[in-house]
**Student:** 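I am attaching a structure below and will ask some questions about it afterwards.
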Amino acid sequence: MPTALPDVPIAVASLATPWGPAVVAASVDGIHAIALLADESNLSASVVRRTRRPIVAPTRAPGPIARAIRDTIDDLDRYVADGARFGGWRRPVALLGVSDWDVRVLSAVAAIPVGTTASYGMVAQAAGSPGAARAAGGAVGRNPAGLVVPCHRVIAGDGTIGGYGGSWSDDREALVELKRSLLAHEGVEL
């Protein structure tokens, strides 16, 4: 994981996707957040709380930060164009302000290849804590960088879709449908 750069701002931008609005946050040290169905001001406030770094508009960002947000938006566009053949993100994820446990779990989630799924139990085992599926589920629910850390690929142990989403929406059914749609976009049918 990248080292924190405390004075370096993070650029935040919104864009449309087939699943609704997406908000992305990136800087020279990586992607700090991607959220679908999110509000830009709420996501910006969350990024500031978690990273303790300032937010800057992409149009006012210094060159390297502007390139980072542009790369992230371009990569999201490539994912939208063909999720099943998506080759990956050019920028690393920057999991600043999350616990060591969450980093371990989210690193395991990041290793799940496009077009496949893993259970919460499998993720817990990969994070070094077999039997901690419920705790792994909590860490997955706190994932700040959905799609980069593909939490939609984590399903229930019985092969059903399970839940989806963290605190950004109260509409559980819409979030589960979003998860199903993202998986289908990558060629996975449940």
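Side chains included, hydrogens not; waters and symmetry mates left out as well; all remaining heavy atoms used.
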**Student:** For the residue pair Tyr120 and Ile155, establish whether any side-chain heavy-atom pair is separated by less than 4.5 Å.
**Tutor:**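 Tyr120 vs Ile155: side chains apart.
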**Student:** One thing to verify: whether Glu189 and Arg180 come together as a salt bridge, which I'm taking to mean a side-chain N less than 4.0 angstrom from a carboxylate O.
**Tutor:**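 So Arg180 does not pair with Glu189 through a salt bridge.
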**Student:** Is a side-chain donor or acceptor of Ser46 paired with a backbone partner of Asn42 at a separation under 3.5 angstrom?
**Tutor:**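 Checked: no pair found.
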**Student:** Heavy atoms only: give me the nearest Ala145-Val93 pair and the separation to one decimal.
**Tutor:**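 Here Ala145 and Val93 meet closest at CB-CG2, 3.7 Å.
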**Student:** Under 3.5 Å, is there a donor-acceptor pair between the side chain of Arg90 and the main chain of Asp74?
**Tutor:**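 No; zero donor-acceptor contacts below 3.5 Å.
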**Student:** Does Ala68 offer a backbone N or O that forms a donor-acceptor pair with the side chain of Thr72 under 3.5 Å?
**Tutor:**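 Answer holds: yes.
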**Student:** State, yes or no, whether a side-chain contact exists between Trp89 and Asp71 at a heavy-atom distance under 4.5 Å.
**Tutor:**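 Side-chain contact under 4.5 Å: no.
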**Student:** State, to 0.1 Å, how close Ala13 and Glu40 come at their nearest heavy-atom pair, and which atoms those are.
**Tutor:**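 The answer is C-OE1, 4.2 Å.
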**Student:** Indicate yes or no for a side-chain donor-acceptor contact from Asn143 to the backbone of Val149 under 3.5 Å, with no hydrogens or angles considered.
**Tutor:**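 Yes; judged by distance alone, with no hydrogens or angles, the pair exists.
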**Student:** If you count the non-hydrogen atoms of other residues, nucleotides and ligands that lie under 6.0 Å from CG in Asp100, is the total more than 12?
**Tutor:**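 Incorrect, the count does not exceed 12.
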**Student:** Looking at every heavy atom in both Val188 and Thr116, which two are closest together, and how far apart are they?
**Tutor:**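 Minimum heavy-atom contact is CG2-N, 3.9 Å.
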**Student:** Which distance, rounded to the nearest 0.5 Å, do you find between the CD1 of Ile65 and the CZ of Arg60?
**Tutor:**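 Ile65 CD1 to Arg60 CZ: 13.0 Å, rounded to 0.5 Å.
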**Student:** Has Arg50 got a side-chain atom pairing as donor or acceptor with Leu96's backbone, closer than 3.5 angstrom?
**Tutor:**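 Yes, the answer is positive, given that a donor and an acceptor are paired below the 3.5 Å cut-off.
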**Student:** Mark yes or no for whether Lys179, through its side chain, and Gly162, through its backbone, hold a donor-acceptor pair below 3.5 Å.
**Tutor:**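 Not at all, since once roles are kept as given, no pair shorter than 3.5 Å links the two residues.
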**Student:** Of all heavy-atom pairs between Val47 and Ala25, which one has the smallest distance, and what is that distance?
**Tutor:**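 Taking Val47 first and Ala25 second, the nearest heavy atoms are CG2-CB, 4.1 Å.
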**Student:** Side chains of Val114 and Tyr79: does their closest heavy-atom pair fall under 4.5 Å?
**Tutor:**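 No, every pair of side-chain atoms sits at 4.5 Å or beyond.
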**Student:** Looking at Ala136 and Trp101, what are the two nearest heavy atoms and their distance?
**Tutor:**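 So the minimum-distance heavy-atom pair works out to N-CZ2, 3.7 Å.
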**Student:** With side chains defined as the heavy atoms from C-beta onward, is the minimum distance between Thr17 and Asp77 less than 4.5 Å?
**Tutor:**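 Sidechains of Asp77 and Thr17: no contact.
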**Student:** Counting only heavy atoms not in Gln125 (residues, nucleotides, ligands), do more than 12 fall under 6.0 Å from its CD?
**Tutor:**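 No, the 6.0 Å shell around CD holds no more than 12 heavy atoms from other groups.
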**Student:** So which atom in Ile69 and which in Ala26 form the shortest heavy-atom distance, rounded to 0.1 Å?
**Tutor:**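 Looking at all heavy atoms of both residues, the closest pair is CD1-N, 3.8 Å.
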**Student:** Has the side chain of Ser119 got a donor or acceptor atom that lies under 3.5 Å from a matching backbone atom of Met122?
**Tutor:**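 Yes, the answer is positive, given that a donor and an acceptor are paired below the 3.5 Å cut-off.
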